[in-house]
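Atoms within each ligand, like the ligands themselves, are counted from 1 in listed order.
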Amino acid sequence: MKAAIEKTVQRELRKLPSVDKLLKEAGIQAMLREHSHKLTVTAIQEVLADTRQAILSGDMCPSKVNLSARVATRLSNLLRPSLYPVINATGVILHTNLGRAPLSLAAQEAMQETSAYSNLEYDLPAGKRGSRHVHAEELLCRLTEAEAGLVVNNDAGAVLLILTALAKGREVIISRGQLVEIGGGFRIPEVMAQSGARLVEVGTTNRTYLWDYEAALTPDTAMLLHVHTSNFRLIGFSHQTPLADLVTLAQQHDLLAVEDLGSGALLDTAQFGLSHEPAVPESLATGVDLVCFSGDKLLGGPQAGIILGKKALIDVLKRHPLTRALRVSKTVIAGLQATLLHYLKGEALEQVPVWRMLTMDIEQIEPRAAALVEWLRDAGVQATVIAGFSAVGGGSLPGETLPTGLVAIDVDAPHELAQRLRLGSPPVIGRIERDAFVLDLRTVLPSEEAALEQALKATL
Ligand SMILES: *Cc1c(COP(=O)(O)O)cnc(C)c1O
């Protein structure tokens, strides 16, 4: 029996054509007119290697025509970028795996416009070298009343830079309740170790008082660090020392007080019926020396780490070699500026997609969901609008849920439908809830609805 199988495998393997033979196939000859010889040979080699593996696991050798078709598919996959747009129908607004904040149209345009030459580091009136730091700094200071600001690659980079430049070889005191892991490998203790600052943990997981910080002060203390527990909520018997108290203590002892805010909202979330997320101006108003946060969380801009606060300290950071290593590109600065301008113009709620989605009423979502259900029924697919919840995500406003109307598609195998939609064009990402496949239109831009319908039509 075993010998017979072995014999079949050997026979099928012998049928597998060589690269040279396949190159002579009419289908492949056509491909060679469009693609380079090298790329076509690469595709052929990869297809032959895969096919050999399949034969070894018991498959029959496919025909040359079939192999040519596989080479064509491989070629188009090789030439397709692996990063492309998807439709986020999960209802998670800041979905880290789907690129966090979707940018406003103005931000997208600004990024595209500056992707060629720009006055990035060129002082136009003076006709000489300028600084890339000026572009976002002025706007950030105007919006938050900070003395000075600096933009780096992301918030993790901002924390690393602050600790390295201002506390290396010295002690930084932090509450045990704030030794957070943000996800994706960002853990406060590890970033501290990387910076060369020494971590001094005080208090307990659930309660830390001002006197815990006070008792830990030594001549080596450089900084009191307050980290916003942005992705979880401590409820019940808990106490964190307010930032304002830390600032007072730091000032009394000539130390720095720094807050890692994480989300960095410029607007007060509480005025929209959401729970209160400390806003940047509020944090600065305590007199904190520096505050840092992400550009692509509640700010709704491109990936960036924003540091605001005392000018003398920002000047030290600007001169540090790490700042060069963590600097942002011209396109990011352009996208950030355009996003900040929405706030300056007072149009952030309408223009910044994150805020539009956050403040969208269920009355705005349900009619869109009902229309999609209607469209699906016309296409012969059973669907209904059911009540559910959207999430903020991205380590912002943990536990906060926003009532929404979900489009529930009634199929026997929801996981299979989810996969087919993920592999469609454009890919659609939904979620499974109570054994149904659901789409939440809160996170689907109105401009994406036609493409969503097309993707559903092609799949269902
Ligand atoms: C999200 C977050 C970070 C990491 O921000 P990135 O911009 O992703 O680097 C750091 N600290 C806190 C408190 C956060 O919430």
Side-chain angles (χ1 to χ4, degrees), residues 92-103 136 140 149-164 167 172 174-195 197 199 208 223-234 240-241 243 246 257-266 269 274-280 282-284 288 290-309 317 322-323 325-329 332-333 335-336 339-340 354 391-400:
V92 180
I93 299 174
L94 294 170
H95 199 304
T96 298
N97 302 147
L98 302 183
R100 280 205 190 141
L103 300 183
L140 282 165
L150 174 65
V151 180
V152 293
N153 181 60
N154 59 2
D155 190 30
V159 175
L160 178 66
L161 173 63
I162 291 170
L163 292 173
T164 310
V172 174
I174 180 170
S175 157
R176 288 199 169 87
Q178 297 176 2
L179 288 172
V180 302
E181 169 171 325
I182 303 301
F186 182 86
R187 286 177 153 192
I188 286 289
E190 288 165 12
V191 177
M192 282 226 185
Q194 197 57 239
S195 73
L199 172 70
T208 305
M223 185 186 294
L224 308 181
L225 180 63
H226 195 268
V227 178
H228 180 49
T229 53
S230 42
N231 57 0
F232 71 99
R233 210 176 257 174
L234 204 56
Q240 289 298 328
T241 312
L243 178 64
L246 288 191
V258 172
E259 178 166 54
D260 174 15
L261 255 184
S263 305
L266 291 184
T269 47
L274 303 163
S275 51
H276 177 72
E277 177 83 3
V280 178
E282 188 184 329
S283 177
L284 286 167
V288 72
L290 292 173
V291 50
C292 61
F293 53 95
S294 296
D296 55 354
K297 291 185 181 171
L298 288 178
L299 186 75
Q303 179 193 306
I306 298 168
I307 308 172
L308 299 175
L317 297 182
L322 249 190
T323 301
L326 292 170
R327 78 178 188 186
V328 283
S329 69
V332 166
I333 296 173
L336 182 60
T339 306
L340 294 171
V354 167
V392 181
S396 304
L397 293 162
E400 187 78 50

Checklist entry - In terms of atom number and element, which parts of ligand 1 are under 4.0 angstrom from non-hydrogen atoms of Arg100? => result 6 (P), 7 (O), 8 (O)
Checklist outcome for this item: Atoms of ligand 1 under 4.0 Å from any heavy atom of His228, numbered from 1 in the order shown, are 13 (C)
Next on the checklist: A quick test of your reading: do over 12 heavy atoms of other residues, nucleotides or ligands sit less than 6.0 Å from CZ of Arg176?
Outcome noted: yes
Checklist entry - Is any side-chain heavy atom of Leu179 less than 4.5 Å from a side-chain heavy atom of Leu199? => result yes
Checklist outcome for this item: With sequence neighbours left out, the residues meeting side chain to side chain donor-acceptor pair (under 3.5 Å) with Asp155 are none
Compute the shortest N/O to N/O distance between [X] and ligand 1 and return yes if it is under 3.5 Å, no if not.
{"X": "Ser294", "value": "yes"}
{"X": "Gly262", "value": "no"}
{"X": "Asp296", "value": "no"}

Counting N and O atoms only, with roles assigned by atom type, does the side chain of [X] sit under 3.5 Å from a partner on the main chain of [Y], one being a donor and the other an acceptor?
{"X": "Thr241", "Y": "Thr208", "result": "yes"}
{"X": "Gln303", "Y": "Asn153", "result": "yes"}
{"X": "Thr269", "Y": "Glu277", "result": "yes"}

Checklist outcome for this item: Short version for Arg187: what comes under 4.0 Å of ligand 1, heavy atoms counted, is neither
Checklist entry - Judged by non-hydrogen atoms, does Lys297 sit under 4.0 Å from ligand 1? => result yes
